[in-house]
Amino acid sequence: MNLYGRDGECVELEQWIGDQHCQMVAILGMGGVGKTALVAFVAARMKHVFEFVFWRSLQNALPLEHFLKQCIQFVSDQQRLELPKEVDAQISILIHYLRNHRCLLVLDNFESVLQAGQRAGQYREGYAAYGKLLQRVGEAQQQSCLLLTSREKPKEVAHLEGKKSPVRSLHLSGLQREAGQHMLQDKGLFGSEEQWLALVERYSGNPLALQVVSEPIQEVFEGNIAQFLQEQAIAFGDINDLLDQQFHRLSEQEREIMYWLAIEREATSLEGLRENLVYPMSIGTQLEALASLRRRSLIETRGTAQFQFTLQPAIMEYVTTSLFQRASREFDTESPEVWVNFALSKAQAKDYVRESQVRLLLAPVAQRLLARLGKEGIEQKVRDMLTKQRRVHAQLPGYLVGNILNLLT
Ligand SMILES: Nc1ncnc2c1ncn2[C@@H]1O[C@H](COP(=O)(O)OP(=O)(O)OP(=O)(O)O)[C@@H](O)[C@H]1O
Ligand SMILES: [Mg+2]
């Protein structure tokens with residue numbers, strides 16, 4: 001992948017991490033601005049400096065104990081498999097290895113363990129120990145580096161950082177006009193330099209937003225930036241506004257795939273997606289929908305031998321929210337489509353995937369319904385819903401029963 005317009009940031013990071021031996025570096029910025037892309041680029045360039053490079057995404061809110069276990073196994077070359085019970089003692093063991101070996105640890109999407117919508121930098125319930133990890137890795141005498149990306153600054157970083165401190169943060173803003181234009185060079189857009197500037201500025205130079213918006217410019221305005229700018233008056237707040245517009249343009253099949261990718265949480269094969277469907281889709285239709293979603297920059301492909309599909313973190317979050325809002329809205333209506341067609345949590349999923357399905361999908365739905373209907377209200381609605389469905393269907397369709405059982409337990 002080409003990284004446009006980040007030369008300055010790359011040089012700065014290489015100095016901090018390489019020459020100045022910074023112990024903790026936070027890359028901060030809004031969703032889609034390019035934090036992961038930058039870190040992946042720098043980590044690849046600097047991998048010869050380190051004995052071990054360990055990368056984990058916290059997008060599924062990986063519990064700290066799991067992270068520590070996997071990380072210690074890796075940096076100890078599988079020597080250290082048994083760990084003490086207390087988190088503090090586990091962190092001490094990790095620091096022992098960070099002192100003796102030069103390691104690069106990357107924690108991507110750190111905001112997933114921070115509380116959304118709260119005073120910046122507070123931890124989600126059950127995740128406060130991540131703060132301890134940052135504190136201790138930042139303060140201890142050691143030769144490794146913890147590099148994290150986050151949409152919000154963790155408070156430990158704010159406390160420890162400084163020009164002379166081994167803890168730093170880099171705020172990433174959007175791309176400049178030239179870099180944005182370069183990135184979109186093969187998307188078939190055209191316009192004067194001023195029009196390109198206006199386009200890049202309208203989306204604050206956000207690479208994800210620019211990629212996503214380039215498709216409707218091409219499809220609806222035949223690539224004419226000026227015309228798009230004239231007709232599209234809506235201001236860009238954040239990536240969600242843009243995704244809202246794009247989501248409405250999707251076909252039924254495309255939306256269905258997006259929802260399933262949000263449920264799956266991890267990269268999924270064509271086969272895996274097909275197995276989920278309540279009403280089968282022909283392979284042709286499915287491939288067409290996937291190709292169209294790729295054109296719209298809404299999905300990413302992974303893997304070489306067998307293609308796997310997944311969603312960008314910002315898009316995953318948007319689709320997850322959209323799904324749980326729909327589920328709570330449709331719960332007491334005549335046609336609870338989402339409840340029939342999608343599993344809000346999958347019994348067959350890996351443990352930590354199922355945990356995140358519950359945490360990010362099922363629990364928010366349950367909370368909403370509880371607030372709106374109360375426990376008895378929910379039970380009454382469930383009885384009504386099942387009676388109604390039984391009248392129409394010989395057998396209760398799709399995921400309805402499974403979802404309801406999961407909701408009630
Ligand atoms: N400088 C760049 N040049 C080219 N493409 C870029 C650049 N920065 C980001 N991108 C692309 O833009 C998209 C979003 O970038 P990225 O995933 O790095 O965002 P992010 O800041 O990590 O977002 P999130 O907070 O949601 O994790 C990706 O498809 C990425 O490849
Ligand atoms: Mg990212």
Side-chain angles (χ1 to χ4, degrees), residues 1-14 25-45 55-62 106-114 116 120 147-154 169-187 189 196 199-200 203-215 236-243 246 258 261-262 265-267 293-302 308-322 356 360:
M1 187 207 109
N2 286 321
L3 191 74
Y4 298 102
R6 298 294 191 203
D7 294 350
E9 286 85 351
C10 285
V11 169
E12 185 151 43
L13 283 177
E14 285 187 37
V25 175
I27 313 292
L28 308 167
M30 73 184 290
V33 80
K35 300 177 294 295
T36 304
L38 175 64
V39 168
F41 190 82
V42 170
R45 275 248 291 250
W55 179 303
R56 272 295 170 282
S57 164
L58 299 186
Q59 205 193 340
N60 288 322
L62 183 72
V106 181
L107 277 178
D108 200 11
N109 287 107
F110 194 83
E111 76 282 344
S112 311
V113 299
L114 297 175
L147 185 54
L148 61 90
T149 80
S150 183
R151 299 185 198 154
E152 285 167 34
K153 190 186 278 187
S169 66
L170 177 72
H171 186 89
L172 213 54
S173 15
L175 300 179
Q176 301 288 322
R177 192 266 309 157
E178 206 183 345
Q181 191 170 348
H182 257 136
M183 184 182 74
L184 300 180
Q185 62 205 351
D186 51 3
K187 300 275 188 190
L189 311 193
W196 272 104
L199 176 68
V200 172
Y203 293 96
S204 318
N206 185 296
L208 180 63
L210 288 169
Q211 283 172 3
V212 169
V213 83
S214 67
E215 188 270 349
F236 175 68
D238 63 12
I239 192 89
N240 285 344
D241 301 339
L242 177 62
L243 292 173
Q246 271 301 72
M258 296 288 279
L261 290 176
R265 314 298 309 166
E266 294 194 311
L293 288 170
R294 268 191 86 176
R295 259 198 318 278
R296 299 179 195 274
S297 304
L298 292 178
I299 59 170
E300 294 192 325
T301 46
R302 296 271 161 81
Q308 300 219 313
F309 304 90
T310 191
L311 303 174
Q312 269 279 319
I315 297 179
M316 176 94 72
E317 208 175 279
Y318 169 83
V319 180
T320 307
T321 307
S322 151
S356 52
L360 304 170

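Bear in mind the structure is a predicted one, so any value in this text is a computation, not a measurement. Remember, it's 1-based here, ligands and their atoms both numbered in the order they're listed.
- Protein heavy atom in closest approach to atom 5 (N) of ligand 1: Met183 SD, 3.5 Å.
- At the top of the distance list for atom 1 (N) of ligand 1, counting protein heavy atoms only, stands Tyr4 O, 2.8 Å.
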Is there a side-chain contact (heavy atoms from CB on, under 4.5 Å) between Leu242 and Tyr203 once you walk through the steps? CA-CA 9 Å; Leu242 177 62; Tyr203 293 96; 4.1 Å; yes

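- Separation of atoms CE (Met258) and CG (Leu311) is listed at 5.0 Å; rounding is to 0.5 Å.
- Atoms of ligand 1 found under 4.0 Å from any heavy atom of Ala314 (numbered from 1 in listed order, with element): 26 (O).
- For Glu317, the heavy-atom gap to ligand 1 stays at 4.0 angstrom or more.
- Residue-environment remark: CD (Glu300) exceeds the threshold of 12 foreign heavy atoms within 6.0 Å.
- Nearest protein neighbour of atom 12 (O) of ligand 1, counting heavy atoms only, is Pro207 CB, 3.5 Å.
- Distances from ligand 1 to the non-hydrogen atoms of Gly29 include no value under 4.0 Å.
- Side-chain atoms of Val319 and Leu261, non-hydrogen and from C-beta on, never get closer than 4.5 Å to each other.
- Within ligand 1, counting atoms from 1 as listed, the ones closer than 4.0 Å to a heavy atom of Pro313 are 26 (O), 27 (O).
- Taking every non-hydrogen atom of Leu3 and a distance limit under 4.0 Å, the qualifying atoms of ligand 1 come out as 1 (N), 2 (C), 3 (N).
- With a 4.5 Å cut-off on side-chain heavy atoms, Val213 and Gln246 do not count as touching.
- At a 4.0 Å cut-off, not a single heavy atom of Thr149 sits close enough to ligand 1 to count as contact.
- The single protein non-hydrogen atom nearest to atom 27 (O) of ligand 1 is Asn109 ND2, 3.1 Å, given as residue, atom name and distance.
- Inter-residue side-chain proximity for Leu175 and Arg6 is flagged as met; some heavy-atom pair is nearer than 4.5 Å.
- In terms of protein heavy atoms, atom 29 (O) of ligand 1 is closest to Gln211 OE1, 3.4 Å.
- At a cut-off of 2.8 Å, Gln312 is not counted among the residues with an N, O or S atom near the Mg ion (ligand 2).
- Closest to atom 4 (C) of ligand 1, if we only count protein heavy atoms, is Asn2 O, 3.3 Å.
- At the shortest separation from atom 18 (O) of ligand 1 among protein heavy atoms lies Ala37 N, 2.8 Å.
- Side-chain contact between Leu199 and Leu189 is present, with heavy atoms from C-beta onward closer than 4.5 Å.
- The closest side-chain heavy-atom distance from Pro313 to Thr36 is not below 4.5 Å.
- Ligand-side atoms of ligand 1 in range of Gly31: 23 (O), 24 (P), 25 (O), 26 (O), range being under 4.0 angstrom from any heavy atom.
- Among all non-hydrogen protein atoms, the one lying nearest atom 16 (P) of ligand 1 is Gly34 CA, 3.7 Å.
- Using a 4.5 Å heavy-atom cutoff, the side chains of Glu317 and Arg151 are in contact.
- Between Leu13 and Leu38 the shortest side-chain heavy-atom distance falls below 4.5 Å.
- For ligand 1, the atoms sitting less than 4.0 Å from at least one non-hydrogen atom of Met30 are 21 (O), numbered in the order shown with element in parentheses.
- Close approach of ligand 1 to Arg6 is summarised as follows: ligand atoms under 4.0 Å from at least one heavy atom of the residue are 1 (N).
- Between atom 17 (O) of ligand 1 and the options Glu9, Gln312, Glu300, Arg151, the minimum heavy-atom separation is to Gln312.
- Atom CG of Leu58 sits about 12.0 Å away from atom OG of Ser356, to the nearest 0.5 Å.
- Nearest-residue assignment for atom 14 (C) of ligand 1 (options Ala209, Gly180, Gly32, Ala40; heavy-atom criterion): Gly32.
- Of the N or O atoms in Glu111, none lie within a sub-3.5 Å distance of an N or O in ligand 1.
- Leu208 is listed as a side-chain neighbour of Ile315, based on a closest heavy-atom distance under 4.5 Å.
- Under the 4.0 Å criterion applied to side-chain N and carboxylate O atoms, Lys35 and Glu111 are not assigned as salt-bridge partners.
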